[in-house]
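Residue numbering restarts at 1 for every chain, and letters A, B, ... go by the order of the sequence lines.
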Number of protein chains: 2
Amino acid sequence: MLKLTKKVDYALLALNLMAKSGEDGISNVRDIASLYSIPPEILAKVMQKLSKAGLIQSHNAPKGGYSLKVQAEEISVLKVLTAVEGPVGIVSCSDGTDRTCQQHDQCDIRSPLERLQNNILWFLEALSIRELGQEPAVLKGVTDGSSVFGQPLHHKG
Amino acid sequence: MLKLTKKVDYALLALNLMAKSGEDGISNVRDIASLYSIPPEILAKVMQKLSKAGLIQSHNAPKGGYSLKVQAEEISVLKVLTAVEGPVGIVSCSDGTDRTCQQHDQCDIRSPLERLQNNILWFLEALSIRELGQEPAVLKGVTDGSSVFGQPLHHKG
DNA sequence: TTATCACAGACCAAAATGATCTGCGATAAT
DNA sequence: ATTATCGCAGATCATTTTGGTCTGTGATAA
C-alpha cells in the first residue's frame, strides 16, 4: 500500500541513467535492462510509455535507443508516475476510477484526504529526475530548512 | 499505485465517526458497517487491528463496542495506516520486505526516494483524525501559508 | 539484404487485496 | 444459570493488480 510499482522503479532508474549520460546520450533497452537486472521486455514497455508521454525520444534503428526529449530538470517524478501508471490518486474516489463507491454518500473525510493527496502530488512534482541522481551530500545543502526535501519524519514527540 | 487500501478507508471513516461521537462514545461494528455500507466482517478485523495498536479500546460485551483510547488529536493517519497495513514504504527496498531486490547493488536513486518517502510519512503523521473531520472551510483558516496542508499542486509552471 | 533496434499486443503467473464463512470467548441483562 | 449481544480469531475463496513471458511486426543504418 502506498508503494511505487516496479515499473516506476525501472522508469526512474532508466531516466536517472539517461540523465547522467548527458544531453544527447542514447541508451538502448537491452543495455539498461542488463545493467540493472531488469527483464528487457518489461523495460521496453515502460520506455515506450515514457516515449508516448513525450519525456524521451526514441531512435528506432540499429545503434538506436532512447534519449531524453526534455532536460532532466523538467522531468518530475510525478510525470514519470503518470506516464507509466496513469493518473495518481491515493483515494480511489478522486481519480474517477471508482464510480460505484459504496461509501460515497456517507463519506465525510474526502476533503482532507484530497488535500493530503495534493500535498503528496506536489512533492512528486517538485522532485525532478535531475535531483534524483544527486548524492545525499550534494542534495543536503539545498534541502535543509526551507526546501521541501529532508524534513524530519516526526514533527512532534 | 500509491493508493490507500479500502481497509484504511474503512478505518479512517470509523475513527472519524468515533472522534465526532465524543470522548467516551461507544460504537459497535455492526452500526458503523451499516452506516457506511461496509462488510461487517472486514470492519471487524480492521477494528481489531486498531485495538491491538492501542488506538481504540474494546468493550467486549452486549451494548459494548469500541471507543477511542487516546484523543483524536493524537491519532495520526500514519498511525492508522501502520496499524491496519503494517509499515509504510513507497520503495520496497526500504521497508525490509524485499531482501532479494535485483537492483539493489546498482541502484543509485535510493537516497532521494527515501527522502521523498520521509516527506510523505511526515505528512501522514501531521494529519490527525481530528483534522480529518474538519470541514474544508474550518480547516482552511489554519492551513493557508505556513501549514503543510492546502499547498498548491504545481510549484512552478 | 540483414542485423539491430523500437513497437505492439496477447497471454500467463504471482501477489496483494477484498470479502466470506465458521466457530469461539467474554459479559451484561434477564 | 441461561442467553443474546458483542468482540476475537482463523481459514478460505474471489477479485484485482501487478509482474513477467511470448510471439510477431516495423523502422533504419550498416
Side chain to side chain, A/Asp108 and B/Leu13, heavy atoms closer than 4.5 Å: yes
What integer distance in Å separates [X]:[atom1] from [N]:[atom2]?
X        : N      : atom1 : atom2 : result
A/Ile32  : C/dT4  : CD1   : C1'   : 16 Å
A/Asp9   : D/dG20 : CG    : C1'   : 15 Å
A/Lys7   : D/dG19 : NZ    : C1'   : 7 Å
A/Leu4   : D/dT17 : CG    : C1'   : 15 Å
B/Ile26  : C/dT27 : CD1   : C1'   : 13 Å
B/Asp31  : D/dG7  : CG    : C1'   : 14 Å
A/Gln103 : C/dG18 : CD    : P     : 11 Å
A/Lys3   : C/dA15 : NZ    : C1'   : 11 Å

Testing the 3.5 Å rule here: is there a donor-acceptor pair between the side chains of [X] and [Y]?
X        : Y        : answer
A/Gln48  : A/Ser51  : no
A/Glu131 : A/Ser128 : yes
A/Glu85  : A/Thr5   : yes
A/Ser76  : A/Glu125 : yes

Verify the contact: side-chain N or O of [X] to OP1 or OP2 of [N], cut-off strictly under 4.0 Å; return yes or no.
X       : N      : result
A/Lys6  : C/dA15 : no
A/Tyr10 : D/dT18 : no
B/Ser51 : D/dG7  : no
B/Thr5  : C/dA16 : no
A/Arg30 : C/dT4  : no

Sugar-phosphate, base or nothing in reach of A/Met1, heavy atoms under 4.0 Å: sugar-phosphate
Touch class at under 4.0 angstrom, heavy-atom based, for B/Lys52 against every strand present: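 The answer is sugar-phosphate, as B/Lys52 gets under 4.0 Å only of primed atoms, P, OP1 or OP2.
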Is there a donor-acceptor contact under 3.5 Å from the side chain of [X] to the main chain of [Y]?
X        : Y        : result
B/Arg110 : B/His104 : yes
A/Gln57  : A/Ser67  : no
B/Gln103 : A/Tyr36  : yes
A/Lys6   : A/Ile38  : no

Per-nucleotide protein contact string for nucleotides 25-30 of chain D, where B marks a base within reach and S marks sugar-phosphate only (heavy atoms under 4.0 Å, - for neither): -BBBB-
Within residues 33-46 of chain A, residues whose heavy atoms come under 4.0 Å of DNA chain D: A/Pro39, A/Glu41, A/Ile42, A/Lys45
Nearest atoms (heavy-atom pairs only) where A/Leu50 meets A/Ala83: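 For A/Leu50 and A/Ala83, the tightest heavy-atom pair comes out as CD2-CB, 4.1 Å.
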